[in-house]
Amino acid sequence: MPPLATAPDPDRTPSRRARPRRYLMCRPTYFEVSYSINPWMDPAKPVDPELAVAQWEQLRRLYLDLGHQVDLIESLPGLPDMVYAANGATVIDGKVLGARFRNQERAAEGPAYQEWFRAHGYTDVLEPRHVNEGEGDFLVTGSWILAGTGFRSSPQGHAEAQEFFGRPLISLELVDPRYYHLDTALAVLDDDEVMYHPAAFSPGSRAVLERLFPTAVLADEADAEVFGLNAVSDGRHVVLPQAAVGLAEQLRGRGFEPIGVDLSELLKGGGSVKCCTLDVRDPR
Ligand code: ARG
């Protein structure tokens, strides 16, 4: 059987085009690691709060320099994980599906993000009945919603999202607790191009990914472990942790422009670039 497709030859790949985005972020004013709800969080390990803010500011600055719009939601005391804005909601074509968190520690973040959207002119905002952790587990491609489950978002939450958005949703089972959200194991690079770490998924879900994305960029353990897949792409620039050197090399080979950043402090909460960035998609 001839191969379905081969990796694109960089010399023949048309140059990638960046599309301006609108991102929602939350300054880590009250960031700390005071509880542990994923294997990366160790409350005994010191965090430098000033450095956390400075690193986060660099990320925000970078998005602005790349021509994107960045909106800010006010950080709330007592919600140290609120900096991980990706978990706050899922927004497609102006429709907002609120988040419902699995852990009590983060429960109050759901309503806070929904409130932000209502206050900013979004009229179609759904408060969900089932657990979903926003873009932590829902990643939007040109054709589908890819949805993670196994640790946080529930299968019922997946069904609720598909019904609300009227967009086909592909459920994917995460099996390694270190990759507890889909956005720690897979990133969308362009319409229907992704990169992922196969070992983070169940055998069936791995087969689904191979079928849907036969030419995907695959991340090895070393790149996944430094949160290399927790990346944000505008179709050309891919912002990712600078330690993910193997991935950066692969991306360059596909015609993307990888940009490495250091978010060492926020990593101690189990998140990096993508976790800090909610893609509202439509610039307005
Ligand atoms: N401490 C947070 C949690 O465990 C980190 C969330 C990271 N966000 C993400 N989109 N993966 O819930």
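Start at 1 with the first residue, then count along the sequence. Whatever order the structure lists them in is the order used to number ligands and atoms, beginning at 1. These numbers come from a predicted model, not from an experiment.
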May I have a table of the N/O to N/O pairs between ligand 1 and the protein that fall below 3.5 Å, each row giving the two atom names and the distance to 0.1 Å?
residue  : atom   : partner : partner atom : Å
ligand 1 : 1 (N)  : Asp81   : OD1          : 3.1
ligand 1 : 1 (N)  : Asp81   : OD2          : 2.9
ligand 1 : 1 (N)  : Gly269  : O            : 2.8
ligand 1 : 4 (O)  : Asn38   : ND2          : 2.7
ligand 1 : 4 (O)  : Arg152  : NH2          : 2.9
ligand 1 : 8 (N)  : Asn87   : OD1          : 2.9
ligand 1 : 10 (N) : Asn87   : ND2          : 3.1
ligand 1 : 10 (N) : Asp183  : OD1          : 3.4
ligand 1 : 10 (N) : Asp183  : OD2          : 2.6
ligand 1 : 11 (N) : His181  : ND1          : 2.8
ligand 1 : 11 (N) : Asp183  : OD1          : 2.8
ligand 1 : 12 (O) : Arg106  : NH1          : 2.7
ligand 1 : 12 (O) : Arg152  : NH1          : 2.8

Give me the ring orientation class for Tyr23 and Tyr63: parallel if the planes are under 30° apart, tilted from 30 to 60°, perpendicular past 60°. tilted
Shortest non-hydrogen pair, Leu218 vs Gln250, comes out as O-NE2, 2.9 Å
Hey, do the aromatic rings of Phe117 and Tyr122 have their centres closer than 6.0 Å? yes
Can the ring centres of Phe227 and Trp40 be said to be less than 6.0 Å apart? yes
About how many Å separate CG of Leu76 and SG of Cys26, when rounded to the nearest 0.5 Å? 7.0 Å
Would Arg16 pass as a cation-pi partner of Phe256, given that its NZ or CZ must be under 6.0 Å from the six-membered ring centre and within 45 degrees of the axis? yes
